[in-house]
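Contents: one structure, followed by commentary.
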There are 2 protein chains.
Amino acid sequence: MDVRNDLEQFRTYLRQHNLPVTQQRLAIANVVFASDRHLSVEEVAADVAAQGENAGTATIYRTLDLLVKSGLVVERDFGEGFRRFEPTRGIPHHEHMLCTVCGRVDEFRDERLERMTTLIAESHGYSRQRHRLVIYGVCADCQRSGGPGR
Amino acid sequence: MDVRNDLEQFRTYLRQHNLPVTQQRLAIANVVFASDRHLSVEEVAADVAAQGENAGTATIYRTLDLLVKSGLVVERDFGEGFRRFEPTRGIPHHEHMLCTVCGRVDEFRDERLERMTTLIAESHGYSRQRHRLVIYGVCADCQRSGGPGR
DNA sequence: CTCATTGCAAAGGATTTGCACTAAT
DNA sequence: ATTAGTGCAAATCCTTTGCAATGAG
């Protein structure tokens, strides 16, 4: 199972860096790895609590930092005023589409974008590092019903 | 002159909405219109003060909201943790490139992106509203010198 | 045992808001 | 005169940090 594997990789990362494998770190990593969504810190906290585990906010932030550093999780910023976190799962770079009505997030991949952004950067004398694209729109469900979940 | 014209349009907007044309509103609008950069709230405040005018932080935020609502100014989010504001000046939608070393911002336009994002959105059942693309990289100057301004 | 982690609460930065005072129409 | 705007400080939201208590190796 994927979650199990990710968790094992996290344990390995911690050991290799001489960092204690604590209950909290495992609980938090577990929640993020188990999710197929882009979780906010608040959502991570709620999920951890729902599993009967305990973890203070500070610990959640600190552990998410570790997960990002380990490369097992990516940080996202959809311009909502807070960050979201997504398990990497060896999936290559991809873009996001956000429903401005219900907040739903879809992902897509387009290789042209990598090439385009590299070329555009170069034509301006920049050496490209990365890019960030978010498409904002209204998802099929919300178009049909005129509102979130209704 | 452009600034003069923008300012006139702002006055018109205020009158049409029965909003008082105050000294502060004009000073703030003037600063944003006069700039060819993407100003942060802090920078707007500094520029207003530099012009010998007075305006509290709250007023700056409130006036920037008005400017955005009027369509004369656009809000930008480059993932820095705060917002920036750019005069519209009738310039069509464009993208941004950010130097991760010195913070320099360049602009570019690519019509393909409009089409691409619309098609991608549709293929996922979304009706596209807008998109946001930022390319992060190192500008020519910083590549040459290995640091900002040195 | 020793040292890093944890949790809580205080601190921080950006932005908003309540309210008495002031200015625009 | 009215009515809305302004400034200040308090309040909020997300995130970070200091420090005593706690747990991993």
Side-chain angles (χ1 to χ4, degrees), chain A residues 7 10-32 38-49 51-70 73-85 103, chain B residues 7 10-32 38-49 51-70 73-85 103:
Chain A
L7 214 49
F10 187 45
R11 295 185 105 110
T12 304
Y13 175 86
L14 292 174
R15 279 193 224 99
Q16 288 179 340
H17 292 256
N18 288 308
L19 300 170
V21 176
T22 67
Q23 190 107 59
Q24 289 87 331
R25 283 177 176 163
L26 291 180
I28 293 162
N30 201 44
V31 160
V32 178
H38 304 73
L39 298 177
S40 64
V41 169
E42 201 177 0
E43 290 167 336
V44 172
D47 285 10
V48 168
Q51 310 247 321
E53 296 288 338
N54 254 59
T57 315
T59 301
I60 294 180
Y61 276 101
R62 290 187 278 233
T63 302
L64 286 170
D65 278 354
L66 276 180
L67 286 165
V68 170
K69 283 201 194 97
S70 77
V73 165
V74 218
E75 190 182 321
R76 301 287 180 196
D77 170 12
F78 296 144
E80 300 167 295
F82 54 85
R83 292 176 285 165
R84 292 185 174 276
F85 297 85
Chain B
L7 213 50
F10 187 44
R11 296 185 104 110
T12 303
Y13 175 86
L14 292 174
R15 279 191 225 101
Q16 289 179 340
H17 293 255
N18 287 309
L19 299 170
V21 176
T22 68
Q23 188 107 59
Q24 290 85 333
R25 283 178 175 163
L26 292 179
I28 294 163
N30 201 44
V31 159
V32 178
H38 304 72
L39 298 176
S40 65
V41 170
E42 201 178 359
E43 290 167 335
V44 172
D47 285 10
V48 169
Q51 309 246 322
E53 295 288 340
N54 255 60
T57 316
T59 301
I60 294 181
Y61 276 101
R62 291 188 277 231
T63 302
L64 286 170
D65 278 354
L66 275 181
L67 285 165
V68 170
K69 282 201 195 99
S70 77
V73 165
V74 217
E75 191 182 319
R76 301 289 180 195
D77 170 13
F78 298 144
E80 301 167 294
F82 54 85
R83 293 176 285 165
R84 292 186 175 275
F85 298 85

Expressed in angstrom and rounded to an integer, what is the separation of [X] atom [atom1] from [N] atom [atom2]?
| X | N | atom1 | atom2 | answer |
| --- | --- | --- | --- | --- |
| Phe10(B) | dG5(D) | CZ | C1' | 12 Å |
| Arg15(B) | dA4(D) | CZ | P | 19 Å |
| His17(A) | dG25(D) | NE2 | C1' | 17 Å |
| Asn54(B) | dG7(D) | CG | P | 7 Å |
| Leu66(B) | dG5(D) | CG | C1' | 10 Å |
| Glu53(B) | dT6(D) | CD | P | 12 Å |

[atom2] on [Y] to [atom1] on [X], rounded to 0.5 Å:
| X | Y | atom1 | atom2 | result |
| --- | --- | --- | --- | --- |
| Leu64(A) | Arg83(A) | CG | CZ | 8.0 Å |
| Thr59(B) | Arg62(B) | OG1 | CZ | 5.0 Å |
| Thr12(A) | His17(A) | OG1 | NE2 | 10.5 Å |
| Thr22(A) | Ile28(A) | OG1 | CD1 | 7.5 Å |

Inset, instruction - Determine yes or no for a side-chain-to-main-chain donor-acceptor pair under 3.5 angstrom, with Arg25(B) supplying the side chain and Phe10(B) the backbone. - result: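 Not a single qualifying donor-acceptor pair exists.
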Please tell me if [X] has a side-chain N or O lying less than 4.0 Å from either OP1 or OP2 of [N].
| X | N | result |
| --- | --- | --- |
| Tyr61(A) | dT15(D) | yes |
| Thr57(A) | dC14(D) | no |
| Gln24(B) | dG7(D) | yes |

Legend entry - Upstream residue (5' side of DNA chain D) when Pro20(A) and Phe82(A) are each assigned their closest nucleotide: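 Result: Phe82(A).
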Legend entry - Closest-nucleotide 5' rank along DNA chain D - winner of Ala58(B) and Leu19(B):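 Closer to the 5' end of DNA chain D: Leu19(B).
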Inset, instruction - Applying salt bridge (charged side-chain N to carboxylate O under 4.0 Å, His left out) between Arg84(A) and each of Glu42(A), Glu43(A), Glu75(A), report the one that passes. - result: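 Considering Glu42(A), Glu43(A), Glu75(A), a salt bridge (charged side-chain N to carboxylate O under 4.0 Å, His left out) with Arg84(A) is found only for Glu43(A).
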Inset, instruction - Remember a base hit wins even if backbone is also touched, and classify Arg25(B) as base, sugar-phosphate or nothing at under 4.0 Å, heavy atoms. - result: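 It contacts sugar-phosphate atoms only.
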Is there a side-chain contact between [X] and [Y] in this structure, where contact means two heavy atoms from C-beta onward sitting under 4.5 Å apart?
| X | Y | value |
| --- | --- | --- |
| Phe82(A) | Val41(A) | no |
| Tyr13(B) | Leu67(B) | no |
| Thr63(A) | Val44(A) | no |

Legend entry - Watson-Crick or G-U pairs under 3.5 Å in DNA chain C, rendered as dot-bracket with [ ] for crossing pairs and | for another strand: |||||||||||||||||||||||||
Legend entry - Closest-nucleotide 5' rank along DNA chain C - winner of Ile60(A) and Glu42(B):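 Its nucleotide being nearer the 5' end, the pick is Ile60(A).
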Legend entry - Most 5' of Arg83(B) and Asn18(A) on DNA chain C, judged by nearest nucleotide: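 Residue closer to the 5' terminus by nearest nucleotide: Asn18(A).
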Inset, instruction - With the side chain of Arg62(B) defined as its heavy atoms from C-beta on, choose the nearest nucleotide among dG7(D), dG5(D), dT15(D). - result: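 The listed nucleotide nearest to Arg62(B)'s side chain is dG7(D).
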Inset, instruction - Inspect the surroundings of CD in Glu80(B) and state if more than 12 heavy atoms from other residues, nucleotides or ligands are less than 6.0 Å away. - result: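 Buried by this count: over 12 neighbours within 6.0 Å.
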Legend entry - Nucleotide range of DNA chain C lying under 4.0 Å from chain B heavy atoms: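 Answer, 5' to 3': dA14(C) to dT25(C).
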